[in-house]
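As structure tokens, the structure follows; a few thoughts come after it.
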Amino acid sequence: MTTVVPTSEEDPALAVVRFTSELAWADAGPEVAERQVSTLCMEAQECIVMNKWLELASLMLTSADLIFSKVSDKDLECIFTVICNLVTKSESPDEELEMAKLISAKITHQPNDKPALRLKIVFNLYNLLGNPYSRFHVYMNALNLALNGKATEHIVPSFRKIDSFLKEWGIGISDQRDLFLTISNVLKENKSSGKESFKFLTKYLATFTGEDAHTMSEAKEEAVRTIVEFVKAPDMFQCDLLDMPAVGQLEKDAKYASVYQLLKIFLTQRLDAYLEFQTANSTSLKSYGLVHEDCIMKMRLMSLVDLASDESGQIPYALIRDTLRINDDEVELWVVKAISAKLIDCKMDQMNQVVIVSRCTERVFGQHQWQTLKTKLSTWRGNIASVISTIQANRITEDGSQAMQGLMIR
């Protein structure tokens, strides 16, 4: 095993050039190899003297790329540490960005070859960069490397810091779209929580607010994908997709209007509407990978939530049976399923055959829901004020009675 260990005053970059070029040209014969190594070292020396760091990085990467399969992981990490360190020598943010693009592109262009090591090197480069946009560019390369190299587990933990990254990078809308969409794809490949992938898809769609029709049309495919993922997910029962312009454009779209209609059914209607839709669109549902039986199960829970949102707070067993199209002996089973999914809090009155609801999840939270919440808070505030007034009045009465008793004792 060979290891790059500087033993003289030679510049580390020059040592790497010499080491990598000797390996790269080893099969060409001693005379050819010596001539090529000497030439490359002279060019590297000139770049160092003239502070041509971008050219030096390009020179070093050419040889380093050729020996990727010839040395140990430890040696590769050492070699690329020296190459990556060149970005710290640049005094121009533009040059640093170009170097970052060059180095990260070279590291990531063969994602299936040692992807974990390549990711480690890319993150080392990321940490050496001072320009926020350079960091963003390298991070995007890392995402694509992890995705294409099937090494997503190494980058998923970084998603917890995305909000702070966004503040640091200060990137525009177009870059945000690329970021959110790529993260969603990584999470999907990683088989992570469907909710997390869905979350970044909705972040992507949210960036299309206020755009013209041409720009908005770019989001059509992803809007459809987001709807399908929501309908498929067995543990998602609430979303704000109907309020998003990127999704709203599908309502009158010749190709995707049925997908929008399906979303509207799941968020605002009940099982009977879905069954009617399925009869007319069974082929379309299958083309999106939707399983009819799974949709029925989810739609029954959604329908039960809709029943629970009634202001009366009580749902007769018979209404649940008819709405969910189930047998009498299945009513309590579906109520328990809704409780387990944390969709409702309730008690079952078996004597009177009613479900008494104390809380339910709203499938959508739009203007109507905000108004309802405002009304409830106003009522609650009024009740609290009334209680406080009563307590104060009783306290005054009590103090007066005590004073009278004092006078009588004297």
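Rounded to the nearest 0.5 Å, atoms CD1 (Ile107) and CG (Asn141) are 9.0 Å apart.
With hydrogens and angles left out, the side-chain atoms of Ser134 and Asn131 include a donor and acceptor closer than 3.5 Å. Using modelled atom types, one finds no donor on one side chain facing an acceptor on the other under 3.5 Å when comparing Thr226 with Tyr204. For the residue pair Tyr317 and Gln350, no side-chain donor N or O sits within less than 3.5 Å of a side-chain acceptor on the partner.
A side-chain donor-acceptor contact under 3.5 Å links Asp349 to the backbone of Asn352. Without hydrogens or angle criteria, Thr39 side chain to Arg35 main chain gives a donor-acceptor distance under 3.5 Å. For Ser21 (side chain) and Arg18 (main-chain N/O), a donor-acceptor pair under 3.5 Å exists by modelled atom type.
Salt bridge annotation for Arg225-Glu229: present, with a cationic side-chain nitrogen under 4.0 angstrom from a carboxylate oxygen.
Contact annotation: the side chain of Val331 never approaches that of Met348 to less than 4.5 Å [non-hydrogen atoms, C-beta and beyond]. Under the 4.5 Å side-chain criterion, counting only non-hydrogen atoms from C-beta, Phe208 is not in contact with Ile173. A heavy-atom distance below 4.5 Å is not found between the side chains of Leu262 and Tyr288.
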Would you tabulate the side-chain donor-acceptor contacts of residues 336-347 under 3.5 Å, counting partners in other chains and residues two or more places apart, or write 'none'?
from, atom 1, to, atom 2, distance (Å)
Ser340, OG, Val336, O, 2.9
Asp345, OD2, Arg359, NE, 2.9

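With sequence neighbours left out, Thr62 forms a side chain to side chain contact (heavy atoms under 4.5 Å, CB included) with no residue at all.
Pairs of residues two or more places apart, or lying in two chains, that qualify as side-chain hydrogen bond (donor to acceptor under 3.5 Å, both in side chains) and include a residue from residues 259-272 are Arg270-Asp306.
Taking every heavy atom of both residues into account, Ala142 and Phe123 meet most closely at CB-CZ, 4.2 Å.
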Derivation of the salt bridge (charged side-chain N to carboxylate O under 4.0 Å, His left out) call for Lys199 and Glu196: CA-CA 5 Å; Lys199 181 179 77 173; Glu196 286 300 304; 3.4 Å; yes
